[in-house]
Amino acid sequence: MIRKKFIAANLKMHFDVAEASTYLHNLSKTLTSHREIEVVIAPSLVAIQPLSREIDVRKIKLAAQNAYFEDEGAYTGEVSFSMLKGIASYVIIGHSERRIYFHEENDVIAKKVKAALRNRMSPILCVGENITERRDGHAKRVINDQITSALSHLTEEEMHNIVIAYEPVWAISTFGNEQAMPDDVEKMINEIRKQITYLYGEKVAESVRVIYGGSVKADNVASYLAIPGCDGALVGGASLNYLEFNKIVQSCFNVMQS
Ligand code: PEP
C-alpha cells in the first residue's frame with residue numbers, strides 16, 4: 001500500500017489574518033507541487049476561514065489546530081468541528097501543548113477524534129512521551145495508551161483517515177528542543193504500527209500514515225524521512241518561515257528520489 005507523504009506546518013498562535021494570508025501567498029508561489037506529497041498548513045482559527053477562500057487545495061490543504069467535540073451548544077468560546085466542516089481538511093488533535101497547557105486528557109481527545117471524523121475532517125493525532133516517562137522506560141506504554149484510548153472505538157474505514165504524529169514532548173522546540181535520534185524515532189514508529197496492528201490488523205496498520213514531529217528543520221528532516229515507515233513531518237517553529245518550510249518539502253521530494 002502506497003502512503004502519500006505528508007508534510008504539515010503547525011503555525012500555532014502566530015500570524016494574524018493578514019500575515020497568514022501573506023504567508024500562504026508566498027508559500028504557494030515558492031512551492032513546487034509534487035503528486036506524491038501532501039502539503040498542509042494549520043493557521044490560527046481566525047485565519048482559517050479567510051484562507052480557505054484563497055487557497056488552492058490541489059497544492060496546499062488546511063488543517064485546524066483544535067476544535068470542540070460537541071457540534072453546537074452553550075460552550076462559550078468554543079468552535080465546533082461542524083463549523084469547520086468544508087473549511088479544513090485536517091485537524092490536529094492531542095498536541096502536547098493542548099495536553100499540557102489545557103489539560104486535555106485521553107477521553108476528551110477520543111471524543112475530538114470521533115467529532116472530526118463525523119464532520120469529514122481527518123485527525124492528525126499527536127502522541128508522545130515526556131522526558132520523565134522516557135527516562136523511566138515507559139515511553140512505549142504511554143504512546144500505546146494514547147493510541148488505544150484515542151482510536152480503539154473507530155471503524156476500519158475511519159482508521160484510513162487517521163494520520164498519527166509521533167512527537168516526543170522533550171524534542172518539541174517549546175518544551176525541550178532536544179534532538180531525537182532517528183533510531184529512537186524508528187523504534188517508536190514501529191511500536192505505533194504494532195499497536196494499530198493489535199487493534200485493527202496489519203492491513204489497516206499499513207494504510208495509516210505515521211509522521212514525526214519535534215524540532216524538524218530543513219537541515220535534519222531528511223534523516224527522519226529516511227526512516228522506513230516514516231511518512232512525513234509535523235513542523236512547528238521552522239514552518240513559520242515559508243522559505244524554510246518550502247525547503248523541508250523539497251527535501252522530502254529529494255529523499256523520495258534517492
Ligand atoms: C509541534 O509543535 O508540533 C512541533 C513539532 O514543534 P517544533 O517543530 O517547533 O518542535
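Sequential numbering from 1 along the given sequence is applied to the chain's residues. Order of listing sets the numbers, starting from 1, for every ligand and every atom in it. Small disclaimer: the values here were computed from a predicted structure and weren't measured.
- Those atoms of ligand 1 that come under 4.0 Å of a heavy atom in S215, given as number and element, are 7 (P), 8 (O), 10 (O).
- Here is the list of ligand 1 atoms found below 4.0 Å of a heavy atom in G237: 7 (P), 8 (O), 9 (O).
- Below 4.0 Å from some heavy atom of N10 lie the following atoms of ligand 1, by number and element: 2 (O), 3 (O).
- Side-chain atoms of E97 and T174 include a donor-acceptor pair closer than 3.5 Å.
- Looking only at distances, no side-chain donor or acceptor of S21 sits under 3.5 Å from a matching main-chain atom of V17.
- Of the possible polar contacts, none joining the E133 side chain to the H138 backbone as a donor-acceptor pair under 3.5 Å is found.
- Centroid-to-centroid, the aromatic rings of Y90 and F6 come within less than 6.0 Å.
- For I172, heavy-atom contacts with ligand 1 shorter than 4.0 Å involve the backbone as well as the side chain.
- Distances between N or O atoms of T174 and those of ligand 1 include no value under 3.5 Å.
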Please set out all donor-acceptor pairs under 3.5 angstrom arising from side-chain atoms of residues 29-36, sequence neighbours excluded.
unit_1: T30; atom_1: OG1; unit_2: N26; atom_2: O; d: 2.6

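- When H95, K12, Q65 are checked for heavy-atom proximity to atom 3 (O) of ligand 1, H95 turns out nearest.
- Although no hydrogens or angles enter the test, the distance criterion places no donor-acceptor pair under 3.5 Å between the side chain of T148 and the main chain of D145.
- Residue pairs meeting the side chain to side chain donor-acceptor pair (under 3.5 Å) criterion with at least one partner in residues 220-249, sequence neighbours excluded, are R3-D231, Q179-Y224, R193-D231.
- Applying the 4.0 Å criterion to heavy atoms of L234 picks out, from ligand 1, the atoms 3 (O), 5 (C).
- The closest approach between A238 and ligand 1 stays at or above 4.0 Å for every heavy atom of the residue.
- Ligand 1 has a nitrogen or oxygen under 3.5 angstrom from a nitrogen or oxygen of G236.
- Look at K217 and you'll find every heavy atom at least 4.0 Å from all atoms of ligand 1.
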